[in-house]
There are 2 protein chains.
Amino acid sequence: MRLLLIEDDRLIAEGIVSGLKKLGYHVEHCTTQNQATSALSTDTFQLLILDLGLPDGLAIPFIAKVKSAGLDAPILVLTAWDDVDKKVAALDAGADDYMVKPFDLRELEARIRVLVRRHQGRQSDELQWRNLTIDLATQDVRVDDEVVTLTRREWLLLKEFMLNPKRILSREHLESVLYGWDSEVESNAIEVHLHHLRKKLGRTLLRNVRGVGYILNQDYQGKEA
Amino acid sequence: MRLLLIEDDRLIAEGIVSGLKKLGYHVEHCTTQNQATSALSTDTFQLLILDLGLPDGLAIPFIAKVKSAGLDAPILVLTAWDDVDKKVAALDAGADDYMVKPFDLRELEARIRVLVRRHQGRQSDELQWRNLTIDLATQDVRVDDEVVTLTRREWLLLKEFMLNPKRILSREHLESVLYGWDSEVESNAIEVHLHHLRKKLGRTLLRNVRGVGYILNQDYQGKEA
DNA sequence: CGTCAAATTAAGGTTGGCTTAAGGCTAAAA
DNA sequence: TTTTAGCCTTAAGCCAACCTTAATTTGACG
């Protein structure tokens with residue numbers, strides 16, 4: 001999951017970035033509107049986190065501009081405690097949620113999950129697909145109510161598939177999920193992880209589309225097929 | 001748990017600070033509204049303790065301002081005997097409780113607990129999770145009705161986990177619980193405490209999520225699994 | 001049947017977590 | 001004030017989990 005963070009305070013930004021990275025998000029960080037604009041024009045993001053107190057000011061028109069340009073990713077604005085009034089204008093301009101600085105990182109993560117979830121039209125943090133259930137908050141994975149333990153990479157891959165059922169995910173895409181797009185891997189690491197996933201969750205979990213990628217298998221029957 | 005104390009009388013403040021620190025609270029102390037404002041703009045607190053007789057006066061509008069800014073932490077006001085009348089105005093302005101000076105430290109602690117509990121939407125000071133019960137008021141810990149004695153740090157960690165079941169708590173977060181966020185610990189102290197916790201309460205108490213943090217283990221079965 | 005993508009397996013290296021023990025600190029007791 | 005006991009931090013070594021790499025086998029498709 002790719003997020004764009006627009007925050008000029010290095011310290012706060014670093015905290016957010018390192019915290020969210022641990023949870024498996026890929027956070028791109030920039031400090032000005034201009035950088036943000038150019039980032040948006042070249043990459044796509046699932047969510048924007050925007051500090052209302054940016055040095056080049058005028059965050060409100062920026063929100064309006066971005067939203068009217070057709071960006072459909074939700075925007076979460078951060079506002080200093082002593083000018084919370086701006087939040088109203090920001091929400092009017094099209095922001096989807098706000099948080100007052102300072103905040104607890106856990107709360108930020110919770111809101112991100114809520115926004116992304118809402119944007120994808122989901123009701124809860126649980127994703128289900130046939131006999132398989134995963135919990136995005138606790139990283140629990142269950143097959144027919146049996147808990148299965150996954151490693152970090154396995155988890156990230158499975159999550160990506162669960163978030164995109166009925167879609168063929170290319171190997172490059174999966175690599176970007178694990179490593180960001182500046183991937184440096186020159187091996188079949190992805191395949192090995194997928195192999196482990198199949199081993200843990202059932203041989204039929206994933207269907208390979210030769211030369212294209214992988215997709216959740218409609219015929220998946222659980223651990224022992 | 002972080003508290004902000006706004007109290008100009010050094011002596012009283014010191015008493016409160018040292019008393020609450022012993023109980024595991026992190027108390028930040030300031031003497032003026034301005035200091036308080038700046039503290040609120042950089043840190044988050046679970047509760048504010050505010051002396052109504054501050055030298056720069058006008059504590060009432062301060063309460064109103066803070067509350068209207070969207071701060072959701074409860075406010076406990078302290079008032080001297082000879083102007084208890086102010087308490088009404090304070091409560092009207094948004095304060096959540098009051099105490100008349102002088103007071104017993106234990107009573108203060110009890111009120112803090114009540115306010116925080118209410119704010120978190122809990123019913124009682126007893127938290128239960130599988131075979132484990134802890135009492136926030138008495139600091140009792142029981143596994144299957146057997147009392148277990150914990151040290152201060154162990155208690156604080158366990159409390160944090162019990163207050164956040166189903167959530168992965170990162171090592172940094174746990175450090176901030178023990179030391180405040182200006183933590184200077186460059187060691188594995190957390191791990192050692194967790195080790196002791198597991199030793200006392202059962203090896204299966206905590207599940208490690210590699211690279212992310214720790215979470216209460218759904219499969220916890222008690223002391224001997 | 002030949003070719004190439006994908007699956008499998010095993011090895012090696014790295015990282016992160018667990019465990020233990022020693023020493024220092026603090027607070028209570030003498 | 002000195003002593004003492006309990007608690008905490010530090011550091012080091014060990015172990016296991018995890019990831020990547022690479023070699024080999026399998027299987028799809030022309």
Side-chain angles (χ1 to χ4, degrees), chain A residues 18 21-24 139 141 148-158 161 168-180 182-217 225, chain B residues 17-24 26 139 141 148-158 161 168-180 182-215 217:
Chain A
S18 79
K21 265 197 179 156
K22 268 203 178 160
L23 294 164
Q139 303 200 1
V141 176
V148 178
T149 308
L150 300 184
T151 70
R152 216 163 87 85
R153 303 253 126 115
E154 288 160 11
W155 160 255
L156 289 172
L157 289 174
L158 178 61
F161 280 110
I168 298 177
L169 303 182
S170 70
R171 188 169 328 196
E172 297 86 62
H173 177 78
L174 295 175
E175 277 174 7
S176 84
V177 167
L178 295 192
Y179 315 107
D182 34 321
S183 67
E184 299 263 343
V185 188
E186 290 289 325
S187 80
N188 60 347
I190 294 284
E191 283 161 7
V192 176
H193 291 306
L194 295 181
H195 175 61
H196 290 149
L197 266 180
R198 291 205 252 229
K199 215 167 184 177
K200 287 182 178 178
L201 299 172
R203 186 135 308 184
T204 59
L205 177 69
L206 299 167
R207 187 161 63 83
N208 168 258
V209 181
R210 202 180 169 85
V212 183
Y214 298 82
I215 185 174
L216 283 178
N217 189 343
Chain B
V17 169
S18 78
L20 292 179
K21 266 196 178 157
K22 272 187 195 155
L23 293 166
H26 293 283
Q139 302 205 356
V141 175
V148 178
T149 308
L150 299 184
T151 70
R152 210 162 68 89
R153 304 252 124 121
E154 288 160 12
W155 160 256
L156 289 172
L157 289 174
L158 179 61
F161 279 110
I168 299 173
L169 303 182
S170 70
R171 191 169 323 195
E172 296 87 66
H173 176 78
L174 296 174
E175 279 173 6
S176 84
V177 167
L178 294 192
Y179 315 107
D182 35 319
S183 69
E184 294 271 341
V185 187
E186 288 291 323
S187 80
N188 59 348
I190 294 284
E191 284 163 21
V192 176
H193 292 306
L194 295 181
H195 176 62
H196 291 148
L197 265 180
R198 290 205 251 230
K199 216 167 183 176
K200 288 181 178 179
L201 298 171
R203 185 136 308 186
T204 58
L205 177 68
L206 300 168
R207 184 163 63 87
N208 168 259
V209 181
R210 189 171 245 254
V212 184
Y214 298 82
I215 186 173
N217 189 343

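Per chain, numbering begins at 1; letters A, B, ... match sequence-line order.
Residue A/T151 has its side chain nearest to D/dC19 when only D/dT10, D/dC19, D/dA22 are considered. Closest to the side chain of A/R153, out of D/dT10, C/dT9, D/dC19, is D/dC19. For A/A189, the side-chain atoms get nearest to D/dT21 when compared with the rest of C/dA6, D/dT10, D/dT21.
At a threshold of 4.5 Å between non-hydrogen side-chain atoms, the residues A/L150 and A/L197 count as touching. Side chains of A/N208 and A/Y214 form a contact here, defined as non-hydrogen atoms less than 4.5 Å apart. Between B/R210 and A/T151, the closest side-chain pair of non-hydrogen atoms is not below 4.5 Å. You'll find the side chain of B/V141 reaches within 4.5 Å of the side chain of B/L158, heavy atoms only.
The shortest distance between the side-chain N/O atoms of B/R171 and the OP1/OP2 oxygens of C/dG17 is below 4.0 Å. Listed pair B/H195 / C/dC18 fails the phosphate criterion, with no side-chain N or O lying under 4.0 Å from OP1 or OP2. Residue A/Y214 places none of its side-chain N or O atoms closer than 4.0 Å to OP1 or OP2 of C/dA5.
In this structure, CG of B/L197 is placed 13 Å from P of D/dC7, rounded to the nearest angstrom. Nucleotide C/dG17 holds its C1' atom 14 Å from the CZ atom of B/R203, rounded to whole Å. The interatomic distance linking A/E175 (CD) with D/dT21 (P) rounds to 10 Å, in whole Å. As a whole-Å value, the separation of A/L194 CG from D/dC18 P is 17 Å. Following rounding to the nearest Å, B/K22 (NZ) and D/dG6 (P) show an atom-to-atom distance of 19 Å. Put simply, CZ on B/R207 is 17 Å from C1' on C/dC18, counting in whole angstrom units. Nucleotide C/dT19 holds its C1' atom 16 Å from the CD1 atom of B/I190, rounded to whole Å. Atom CD of A/E154 is separated from atom P of D/dC18 by 7 Å (rounded to the nearest Å).
Heavy-atom nearest nucleotides on DNA chain C were determined for A/H196 and for A/N208, and the one closer to the 5' end corresponds to A/N208. Comparing A/R210 and A/R198 along DNA chain C, the residue whose closest nucleotide (by nearest heavy atom) sits nearer the 5' end is A/R210. Of the residues near DNA chain D, B/V192 and A/R152, the one whose nearest nucleotide (by heavy atom distance) lies more toward the 5' end is B/V192. When the nearest nucleotides of DNA chain D are assigned to B/H193 and A/L178 by heavy-atom distance, the more 5′-ward of the two goes with B/H193.
Residue A/R207 forms a side chain to side chain contact (heavy atoms under 4.5 Å, CB included) with just one option from A/I215, A/L216, A/I168, and that option is A/I215.
A donor N or O paired with an acceptor N or O is found under 3.5 Å between the base of C/dT8 and the side-chain atoms of A/N188.
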